[in-house]
Protein chains: 2
Amino acid sequence: MLQYQEKLDAVFHALADPARRQMVEQLSRGPASVSQLAEPLAMTLSGVVQHLAVLEASGLVRSQKVGRTRTCTLDHNAIHPAEQWLTQRRTAWEKRLDRLGAYLDATKEEDEQ
Amino acid sequence: MLQYQEKLDAVFHALADPARRQMVEQLSRGPASVSQLAEPLAMTLSGVVQHLAVLEASGLVRSQKVGRTRTCTLDHNAIHPAEQWLTQRRTAWEKRLDRLGAYLDATKEEDEQ
DNA sequence: TTGATACTTAAGTGAATGCTTCAGTATCAG
DNA sequence: CTGATACTGAAGCATTCACTTAAGTATCAA
């Protein structure tokens with residue numbers, strides 16, 4: 001099992017490619033087979049399979065094979081840590097901006113006195 | 001100016017590296033100079049400057065030089081699209097799960113009648 | 001003016017990425 | 001049994017990445 005930091009590495013890396021994001025986008029609308037994922041992409045099936053491996057390694061996508069078709073599904077649990085990481089950094093920064101704004105306002109009032 | 005997809009590429013790519021995430025984390029607590037960013041990292045200053053270039057290219061970080069020190073700040077506006085992209089995919093998938101659950105519940109009720 | 005500080009830039013290197021082609025192996029449909 | 005379908009896996013290749021070293025250039029402090 002990957003550690004937290006390595007998971008974030010893997011998830012952000014997986015999402016840094018437009019083809020992989022398109023695959024995730026399609027999977028967010030429902031499960032799909034490998035060829036269904038490949039269909040809208042200007043790329044060989046082999047290429048798609050390699051992107052799929054990256055997505056699976058990151059935990060974003062799971063798949064299971066029944067007969068000759070592999071069906072892929074999104075795992076929203078893998079999205080959450082990355083989403084949360086972003087939210088935390090953004091809100092930390094915004095809170096800091098707020099405090100700075102309040103400080104500047106207070107200073108301004110003092111000047112006016 | 002980068003297009004939306006290219007921005008997402010750049011932001012997710014920038015965040016896929018632990019050193020760069022650590023820099024963003026530090027900057028979320030307040031502005032910092034290049035050497036302050038470098039200090040906690042086991043890497044030459046040159047390496048840090050290159051990571052900084054990636055962060056600036058993604059729009060996540062802005063910087064300006066005064067005298068001989070460059071001060072870097074986080075840009076929360078650049079975080080938002082990535083955060084939103086993740087939220088949208090996750091919620092789309094979760095809504096789908098809910099609908100599926102409701103359908104299965106309904107089917108089960110029919111079975112029991 | 002001299003030395004320390006704070007970057008900056010270029011060049012090099014090994015590893016990882018994002019593809020491709022080609023040659024398979026199962027599985028299903030008739 | 002025989003194609004067609006749905007992948008699978010290995011090899012190759014150009015590009016990008018994540019560093020390093022080395023040699024700068026400004027700026028500030030005394």
Side-chain angles (χ1 to χ4, degrees), chain A residues 2-3 5-27 30-73 82, chain B residues 2-3 5-27 30-73 82:
Chain A
L2 294 178
Q3 299 304 306
Q5 289 298 334
E6 292 167 345
K7 262 187 210 171
L8 286 182
D9 282 9
V11 168
F12 283 129
H13 167 66
L15 294 175
D17 185 280
R20 286 195 292 262
R21 274 202 312 281
Q22 198 176 329
M23 291 166 77
V24 168
E25 211 150 335
Q26 183 172 348
L27 289 173
S33 70
V34 178
S35 4
Q36 283 173 335
L37 287 174
E39 202 263 339
L41 297 170
M43 185 185 307
T44 60
L45 191 63
S46 260
V48 173
V49 168
Q50 285 169 59
H51 280 305
L52 188 58
V54 174
L55 287 169
E56 289 208 51
S58 77
L60 284 168
V61 170
R62 294 175 171 283
S63 75
Q64 56 178 29
K65 198 161 184 176
V66 176
R68 60 185 163 165
T69 79
R70 173 171 301 279
T71 303
C72 309
T73 57
Chain B
L2 295 175
Q3 298 305 303
Q5 290 298 333
E6 291 167 347
K7 264 188 207 168
L8 285 182
D9 282 9
V11 169
F12 283 129
H13 167 66
L15 294 174
D17 184 279
R20 287 194 294 261
R21 276 202 310 281
Q22 198 176 327
M23 292 166 76
V24 168
E25 211 150 334
Q26 183 173 348
L27 290 173
S33 70
V34 178
S35 4
Q36 283 172 338
L37 286 173
E39 204 262 340
L41 297 170
M43 184 185 307
T44 61
L45 190 64
S46 257
V48 173
V49 168
Q50 284 168 60
H51 280 306
L52 187 58
V54 173
L55 287 169
E56 289 208 52
S58 76
L60 284 168
V61 170
R62 294 176 172 283
S63 75
Q64 57 180 28
K65 196 161 184 175
V66 176
R68 59 184 165 167
T69 77
R70 174 171 299 280
T71 304
C72 309
T73 56

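Quick caveat, the model's predicted, so the values are computed rather than measured. Below, read A as the first sequence line, B as the second, and so on, with proteins coming before strands; counting in each chain starts at 1.
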Task: Reported CG-to-OG distance for the pair A/Leu8 and A/Ser58, which is rounded to 0.5 angstrom - done: 11.0 Å
- [ ] Check each of A/Leu41, A/Leu60, A/Val61 against A/Met23 using the side-chain contact (heavy atoms from CB on, under 4.5 Å) test, and report the only one that passes.
- [x] A/Leu41
- [ ] Could you tell me the separation between the CG atom of A/Leu27 and the SG atom of A/Cys72, rounded to the nearest 0.5 Å?
- [x] 6.0 Å
Open item on the list: Side chain of B/Val49, heavy atoms from C-beta onward: which of D/dA6, C/dT8, C/dA6 has the nearest atom to it?
Closed with: C/dT8
Task: Nearest-angstrom distance from the residue atom CG of B/Leu37 to P of C/dA6 - done: 13 Å
TODO: Could you tell me the separation between the CE atom of B/Met43 and the CD atom of B/Gln22, rounded to the nearest 0.5 Å?
DONE: 8.5 Å
- [ ] Spell out, as yes or no, whether a donor-acceptor pair under 3.5 Å connects the side chain of B/Arg21 to the backbone of A/Gln5.
- [x] yes
- [ ] Keeping the roles fixed (side chain from B/Gln36, backbone from B/Ser33), state whether a donor-acceptor pair exists under 3.5 Å.
- [x] yes
- [ ] Round to the nearest Å and state the distance from A/Leu41 atom CG to C/dT20 atom P.
- [x] 10 Å
Task: Close side-chain approach of B/Val54 to B/Gln50, heavy-atom, < 4.5 Å - done: no
Open item on the list: Strictly under 4.0 angstrom, non-hydrogen atoms only: write out the protein contact profile of nucleotides 23-30 of chain C, one letter per nucleotide from the 5' end, B, S or -.
Closed with: ----BS--
Between the protein and nucleotides 12-19 of chain C, list the N/O to N/O atom pairs that are separated by less than 3.5 angstrom.
residue: C/dG18; atom: OP1; partner: A/Arg20; partner atom: NH2; Å: 3.4
residue: C/dG18; atom: OP2; partner: A/Arg20; partner atom: NH1; Å: 3.0
residue: C/dC19; atom: OP2; partner: A/His51; partner atom: NE2; Å: 2.9
residue: C/dC19; atom: N4; partner: A/Gln50; partner atom: OE1; Å: 2.7

- [ ] Please confirm whether the backbone N or O of A/Ala32 pairs with a side-chain atom of A/Arg70, one donor and one acceptor, at under 3.5 Å?
- [x] no
TODO: Mind grabbing the angle between the end helix axes of the helix from C/dT1-D/dA30 to C/dG30-D/dC1? Five pairs an end, 10° rounding.
DONE: 30°
Task: Trace of the side chain to side chain donor-acceptor pair (under 3.5 Å) decision for A/Gln64 with A/Thr71 - done: CA-CA 6 Å; A/Gln64 56 178 29; A/Thr71 303; over 6 Å; no
Open item on the list: Please report the distance, rounded to the nearest Å, between CZ in A/Phe12 and P in D/dA18.
Closed with: 15 Å
- [ ] Figure out the CG/C1' separation between B/Leu45 and D/dA18, and round it to whole Å.
- [x] 15 Å
Open item on the list: Nearest whole Å is fine: how far is D/dC7 P from A/Glu39 CD?
Closed with: 13 Å
TODO: Please report, rounded to the nearest Å, how far the C1' atom of D/dC17 is from the CG atom of B/Asp9.
DONE: 15 Å
- [ ] Give a yes or no on whether the backbone of A/Thr73 and the side-chain of A/Arg62 come within a donor-acceptor separation of less than 3.5 Å.
- [x] no
Open item on the list: Rounded at 0.5 Å granularity, tell me how far CZ in A/Arg20 sits from CG in B/Asp9.
Closed with: 9.5 Å
